[in-house]
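Whatever order the structure lists ligands and atoms in, that order sets their numbers, starting from 1. Residue indices begin at 1 and follow the sequence shown.
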Amino acid sequence: MKTSFAVSLQKTRFGAIAFGESFTSIISKLKELGYQGVELAVRNPRDINEEEIKEIVKNHQLVVPAIGTGQAFIEECLSLSSREKEIRGKTIERLKNHIDFASQWGSLVIIGLIRGNLPPEGEEKEEALKYFEESLLKCSQLAKEKDVKLVIEPLNRYEINFLNTIKEALEFLSSLGDDNIGILADSFHMNIEEANFYQSIIEAGDRLWHFHIADSNRWAPGFGHIDFESIFRALRDINYQGFVSAEILQKPNFPEAAKQTIDYLNKQARL
Ligand code: LER
Ligand code: MN
């Protein structure tokens, strides 16, 4: 199993992620604990020192499996389904920056919160969904030009009001007909939305390209009540080759949460 830990490159209101004054010390800790990858979340790659980040990651020989983009929605309300053309345009521009950033490592680019919320019903909802499809196809085209792939992350209904389950995301992707886009499953969201962990992962099959791990309370796996046995059995049964990336609250603090997670994942890998 390939392991990774989600780290933010900018201060953010999203709490289930590592962030600190020293990116180097976070990265050194992850390396020391035996992680193979670091997932990087960034509101706008243009606002950070990309060269410095690249150098630090390279010096620690870590893979960057995915780039998180949701902070652009949380902090700036950028959304691919916005009814305002200008906002959709800005969101695509922003994701272009994420795609460029991802291309140096061949990372996946995550389409989670950045898809925005749809109006609750009626014509307006249909229209916003069309906007989302159009914007996403544009992003996918930009991604293809850079050899980058996108992943849709089903999120629970309290965060985003569409594509909440893996099945909905799979159906959406099959109607879109773009094989440059896969699925990112997150155990925290699955715990709220999926009827059956095992079955949902089996249905995702080879379209599952990335996995976020957190327990039911967003703590490290093993510290809540999710049935991880069925999740890992399903990942083995689909011969999942991607990363299992921790996206957890830093409780009681980053080093301990990172250690608890890798210990848990190593134990699972031995089963
Ligand atoms: C992002 O990966 C995620 O899982 C969301 O809960 C962000 O709010
Ligand atoms: Mn997630």
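A side-chain donor-acceptor contact under 3.5 Å links Q71 and S8. No side-chain donor-acceptor contact under 3.5 Å links E153 and H210.
Applying the 4.0 Å criterion to heavy atoms of H189 picks out, from ligand 1, the atoms 3 (C), 4 (O), 5 (C), 6 (O). With ligand atoms numbered from 1 in the order given, ligand 1 contributes 2 (O) to contacts under 4.0 Å with heavy atoms of H212. Close contacts of ligand 1 with R218, meaning ligand atoms under 4.0 Å from a residue heavy atom, involve 3 (C), 4 (O), 5 (C), 6 (O). Those atoms of ligand 1 with a heavy atom of D186 less than 4.0 angstrom away are 4 (O). Using a 4.0 Å cut-off to heavy atoms of E159, the atoms of ligand 1 that qualify are 5 (C), 6 (O), 7 (C), 8 (O).
For the pair E39 and ligand 1, no heavy-atom separation below 4.0 Å is found.
Distances from the Mn ion (ligand 2) show that H189 has no N/O/S atom below 2.8 Å.
Here the angle centred on the Mn ion (ligand 2), running from ND1 of H212 over to OD2 of D186, is 100°, rounded to 10°.
The N, O or S atom of E153 with the smallest distance to the Mn ion (ligand 2) is OE2. Considering just the N/O/S atoms of E247, the one nearest the Mn ion (ligand 2) carries the name OE1.
Counting heavy atoms under 4.0 Å from ligand 1, residue L155 touches it through the side chain alone. Residue contacts with ligand 1, taken as heavy atom pairs separated by less than 4.0 Å, do not involve N156 at all.
A salt bridge does not link R88 to E84: none of the charged nitrogens lies less than 4.0 Å from a carboxylate oxygen. E76 and R94 are joined by a salt bridge, as a carboxylate oxygen and a charged side-chain nitrogen come within less than 4.0 angstrom of each other.
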Practice task
Given salt bridge (Lys or Arg N to Asp or Glu O under 4.0 Å), test R207 with E203 step by step and report yes or no.
Solution key: CA-CA 9 Å; R207 208 72 193 254; E203 277 162 23; over 6 Å; no
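A perpendicular orientation is assigned to the rings of F5 and Y35, their planes being inclined by more than 60° (bins at 30° and 60°).
Remark: R83 fails to qualify as a cation-pi partner of Y131 under the 6.0 Å distance and 45° angle criteria applied to the six-membered ring.
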